[in-house]
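In what follows, every heavy atom counts, from backbone to side chain, and hydrogens, waters and symmetry copies are set aside.
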Amino acid sequence: MSNREKILNIAVIAHVDAGKSTLVDAFLRQSDVFRDNEEVVDCVMDSNDLERERGITIYSKNCSIIHNGVKINIVDTPGHADFSSEVERIIRTVDTVILLVDSSEGPMPQTRFVLSKALEIGLKPILLINKIDKKDQRAEEVVDKVYDLFLDLNATDEQLDFPILYGVAREGRVQYDLDTPSDNIDPLFDTILKHCDPYPDKDDQPAQMQVSALAYDDYIGRLGIGRIYNGVLHQGDTYIRCNEQGLNERETISKLFVYKGLSRVDVKEAHSGDIVVIAGMPDINIGDTICDPEHVEPMSHIPIEEPTLSMNFHVNTSPFAGQSGKYVTSRNLKERLEKELEVNVGLKVEETDSADCFKVSGRGELHISILIENMRREGYELAVSKPEVILHEDENGHKVEPVEEVVCIAPEEYQGAIINKLNLRKGVMQDLNEENGYVRITYQVPTRGLLGFRTEFINETHGEGTLVRRISGYEPYKGEIPQRMQGAMISNGTGTAMTYALWNLQERGTLFISPQTPVYEGMIIGESAKNIDMDVNPLKNKKLTAIRSTGRDEAMLLTPPRVFSLEEALEWINDDELVEVTPDAIRLRKKGLTAMDRRNLYRQKMAAQEQ
């Protein structure tokens with residue numbers, strides 16, 4: 001037997017905001033990963049700028065700690081449904097999962113999804129009820145709900161016998177029960193080692209590793225991340241890479257890394273059970289198996305979830321194109337999307353009839369908008385169309401579409417408005433519970449019907465509601481769903497918006513711009529109060545006269561404009577509109593900038609429908 005350290009891999013899975021990244025912080029802080037004088041930020045694993053700003057985990061990441069002589073690789077997984085394909089792949093590489101559940105919210109839709117994947121492959125989870133310091137905590141009731149969830153997911157008797165711990169991850173403490181206080185997470189460490197055996201020593205078997213994630217390095221190229229199931233991998237040795245198509249390629253591992261703390265460490269060899277990063281295979285992909293040349297045994301391929309939503313990425317053709325971005329051509333756009341495909345396997349990019357337009361498909365609005373936000377920060381300019389749901393055909397040739405489970409939690413007085421809006425969007429109510437002045441409504445709604453719903457929901461509940469959704473499957477096509485009811489205010493000229501003009505326009509709808517904002521013909525400057533588009537003149541200024549008096553001049557008080565985030569802008573637009581994204585601005589515009597262009601596009605659309 002080889003003299004190797006014991007290895008155990010764990011994943012932390014939970015719904016958004018349950019405290020995954022905070023728990024990983026506690027693991028690292030209490031395992032002496034950081035120096036005594038080292039300044040450590042909260043949610044240290046959420047290293048991406050967007051992750052820090054939004055407070056969510058977008059990319060799954062690895063780190064490792066040593067506890068009682070056992071190396072524990074920890075995987076922090078995304079909690080948002082749009083990144084569910086990451087969770088599915090990562091769970092295959094671990095020995096157990098810590099299921100984190102909020103002591104007040106209880107199991108949420110995404111909790112159900114990630115838990116079902118863990119149970120399917122036979123893992124025995126550890127339940128940690130987090131945030132027990134909340135005033136409205138109901139830990140014992142939440143444990144009962146988790147048991148119900150396990151039974152719904154057909155857990156085995158062995159899986160139902162899961163350990164239960166309670167804690168406050170933010171304060172770095174976990175306890176065995178509600179009545180036994182603790183000041184550290186040792187109970188969790190002890191439970192992990194007691195509940196799950198380290199990976200068996202299989203170093204003497206032929207090498208076998210499967211790739212479960214990808215990364216990219218500007219210096220050494222594409223990287224494959226995965227677990228060594230059998231044998232030992234050596235840097236510089238040649239192996240057989242087996243892909244999904246059944247092709248076996250002889251390739252050499254030029255660099256081999258393992259995780260030590262938060263760092264990737266270059267090593268000469270890595271042992272069975274460990275999670276490693278390999279370089280030197282430019283075409284490596286998710287699900288590929290790295291085998292010993294003398295024993296080629298590919299593992300079953302990892303399925304990747306199909307995209308549910310698509311958008312068209314256009315080259316920016318507005319009059320303001322190129323004013324703030326460095327990368328504005330179709331070649332720049334194509335190269336950036338191809339680079340994204342190197343690591344973002346849930347994404348799909350297709351060329352269209354136009355050389356200036358690419359169809360990008362992903363797992364949801366957030367999945368694609370994260371890509372757009374990263375691109376604008378890198379200096380790209382582009383225009384993006386309204387998201388479209390990808391429809392499929394079943395075995396009988398009938399049209400089917402993705403349907404999502406939606407959970408709305410809001411004060412009771414808003415339940416009528418929520419139910420009304422979801423019914424209009426072809427939703428079907430599944431459940432309704434009232435408790436402590438709040439209502440929890442569960443619906444099944446077509447993904448098409450949820451485009452634009454989040455903003456309406458926040459407005460209807462005055463920001464007090466919580467909306468959670470996850471894709472639950474495909475159902476027969478539900479028919480037409482009404483789009484945005486209000487029209488757009490469209491600028492009929494190019495120049496600078498004036499206070500006087502906006503003051504007169506604000507009674508006709510909601511403005512999106514403030515005075516002195518540069519505008520161009522065809523740019524959307526506001527939302528009309530009526531269900532028609534209006535061409536307006538935001539450039540008009542008050543005519544000066546020789547006679548001025550304070551009594552005649554009215555104070556021009558403007559209502560603050562409505563400012564869109566990228567997701568809100570994508571939700572708001574209709575089929576004939578685009579979101580113009582540049583490093584310094586998000587603008588809304590019509591596809592046809594002039595009134596004549598818009599009329600021609602409308603005629604083409606009508607002619608296409610008649611055919």
- Heavy atoms of Leu451 and Pro387 approach each other most closely as CD1-O, 3.5 Å

- What's the shortest heavy-atom distance between Pro163 and Pro125, and which atoms? CD-O, 3.7 Å

- Message: Ring-plane angle category for Phe564 and Trp572, please: parallel below 30°, perpendicular beyond 60°, tilted otherwise.
- Response: tilted

- Ile10: which of Val94, Leu123, Ile126, Ile98 passes side chain to side chain contact (heavy atoms under 4.5 Å, CB included): Ile98

- Among side-chain atoms of Thr447 and Thr308, is any donor-acceptor pair under 3.5 angstrom? no

- Query: Should Asp288 and Gln210 count as side-chain neighbours, where that means a heavy-atom distance under 4.5 Å?
  - Reply: no

- Task: Answer yes or no: are there more than 12 heavy-atom neighbours, outside His295 itself, under 6.0 Å from its atom NE2?
- Result: no

- Task: Quick one: list whatever passes side chain to side chain contact (heavy atoms under 4.5 Å, CB included) with Glu388, sequence neighbours left out.
- Result: Ser310

- Item | Side chain to side chain, Ile586 and Arg376, heavy atoms closer than 4.5 Å | yes

- Query: Are the side chain of Asn9 and the backbone of Thr93 linked by a donor-acceptor contact shorter than 3.5 Å?
  - Reply: yes

- side chain to side chain contact (heavy atoms under 4.5 Å, CB included) evaluation trace for Tyr199 with His271: CA-CA 11 Å; Tyr199 193 81; His271 299 268; over 6 Å; no

- Item | Ring centre gap for Tyr327 and Tyr380 strictly below 6.0 Å | yes

- Query: Can Lys334 and Glu351 be said to form a salt bridge (charged side-chain N to carboxylate O under 4.0 Å, His left out), step by step?
  - Reply: CA-CA 9 Å; Lys334 184 179 181 184; Glu351 295 189 5; 3.1 Å; yes

- Message: Is there a side chain to side chain contact (heavy atoms under 4.5 Å, CB included) between Ile225 and Phe257? Walk through the geometry before answering.
- Response: CA-CA 9 Å; Ile225 305 169; Phe257 304 93; over 6 Å; no

- Is there a side-chain contact between Leu8 and Asn73, using heavy atoms and a 4.5 Å cut-off? no

- Message: If we ignore hydrogens and angles and just use 3.5 Å, is the side chain of Asn130 paired with the main-chain N or O of Ala169 as donor and acceptor?
- Response: yes

- Query: Quick one: does Tyr259's side chain get under 4.5 Å of Ile275's, heavy atoms only?
  - Reply: yes

- Task: Rounded to the nearest 0.5 Å, what's the gap from CG on Leu233 to CD1 on Ile228? Could you check?
- Result: 4.0 Å

- Decide, yes or no, whether a salt bridge links Glu335 with Lys339 under the criterion of side-chain N to carboxylate O below 4.0 Å. no

- Message: Could you check whether atom CZ of Arg170 has more than 12 heavy atoms from other residues, nucleotides or ligands sitting under 6.0 Å from it?
- Response: no

- Quick one: do Lys71 and Asp274 make a salt bridge, cutoff under 4.0 Å? yes

- Message: So, taking the atom named CD1 in Ile368 and the one named CD in Glu373, what distance separates them when rounded to the nearest 0.5 Å?
- Response: 14.5 Å

- Message: Taking Arg227 first and then Asp95, would you say they form a salt bridge - that is, a charged N and a carboxylate O separated by under 4.0 Å?
- Response: yes

- Query: Does Thr252 use its side chain to pair, donor to acceptor, with the backbone of Ser254 at less than 3.5 Å?
  - Reply: no

- For Lys348, look at atom NZ and say whether over 12 heavy atoms of other residues, nucleotides or ligands are found less than 6.0 Å away. no

- Message: Less than 4.5 Å apart, side chain to side chain, heavy atoms only: is that true for Met209 and Val276?
- Response: yes

- Cut-off 3.5 Å, side chains only: do Glu365 and His367 have a donor facing an acceptor? no

- Message: Tell me if a side-chain donor or acceptor on Glu381 pairs with a main-chain N or O of Val581 at a distance below 3.5 Å.
- Response: no

- Closest heavy-atom contact between Lys591 and Asp575? NZ-O, 2.9 Å

- Item | Heavy-atom side-chain contact between Leu341 and Leu347 under 4.5 Å | yes

- Side chains of Asp584 and Thr582: donor-acceptor distance under 3.5 Å anywhere? yes

- From Ile66 atom CD1 to Ile72 atom CD1, the distance as rounded to the nearest 0.5 Å: 8.5 Å

- Minimum heavy-atom distance between Glu567 and Ser369, given as atom pair plus value: OE2-OG, 2.7 Å

- Item | side chain to side chain contact (heavy atoms under 4.5 Å, CB included) evaluation trace for Met299 with Tyr229 | CA-CA 10 Å; Met299 298 179 70; Tyr229 289 91; 3.6 Å; yes

- Does the pair Arg241 and Glu251 meet the rule for a salt bridge (charged side-chain N to carboxylate O under 4.0 Å, His left out), with working shown? CA-CA 7 Å; Arg241 178 175 65 84; Glu251 293 182 325; 2.8 Å; yes

- Query: Any idea which heavy atoms bring Ala270 and Leu256 closest together, and the distance?
  - Reply: N-CD2, 3.7 Å

- Query: If every non-hydrogen atom of Arg222 is compared with every non-hydrogen atom of Pro282, which pair is closest and at what distance?
  - Reply: CD-O, 3.5 Å

- Look up atom CG in Asn332 and atom CG in Leu337, then write down how far apart they are to the nearest 0.5 Å. 11.0 Å

- Query: Hey, does Ile284 have a side-chain heavy atom less than 4.5 Å from the side chain of Ile278?
  - Reply: yes

- Task: Apply side chain to side chain contact (heavy atoms under 4.5 Å, CB included) to the pair Val384 and Leu570, showing each step before the final yes or no.
- Result: CA-CA 8 Å; Val384 190; Leu570 291 170; 3.9 Å; yes

- Message: Can you see whether Asp203 engages Ser272 through a side-chain donor-acceptor pair at a distance of less than 3.5 angstrom?
- Response: yes

- Is there a donor-acceptor pair closer than 3.5 Å between any side-chain N or O of Gln208 and the backbone N or O of Gly231? no

- Separation between CD1 (Ile185) and CZ (Arg173), nearest 0.5 Å, reads 13.0 Å

- Message: Whether Glu580 and Arg589 form a salt bridge (side-chain N of Lys/Arg under 4.0 Å from carboxylate O of Asp/Glu) is what I want to check.
- Response: no

- Query: What distance do Ile74 atom CD1 and Leu23 atom CG have between them, rounded to the nearest 0.5 Å?
  - Reply: 8.0 Å

- Using modelled atom types only, decide if a donor and an acceptor are shared between the side chain of Glu568 and the backbone of Ser565 within a distance under 3.5 Å. yes

- Message: Could you tell me if the side chain of Phe313 sits less than 4.5 Å from the side chain of Leu371, heavy atoms only?
- Response: yes

- Can any side-chain N or O of Glu350 pair as donor or acceptor with the backbone N or O of Lys359 at less than 3.5 Å? no

- Query: Taking only residues two or more places apart in sequence or in another chain, which ones pass side-chain hydrogen bond (donor to acceptor under 3.5 Å, both in side chains) with Glu378?
  - Reply: Arg336

- Hey, does the side chain of Thr96 reach the backbone of Lys124 with a donor-acceptor pair shorter than 3.5 angstrom? yes

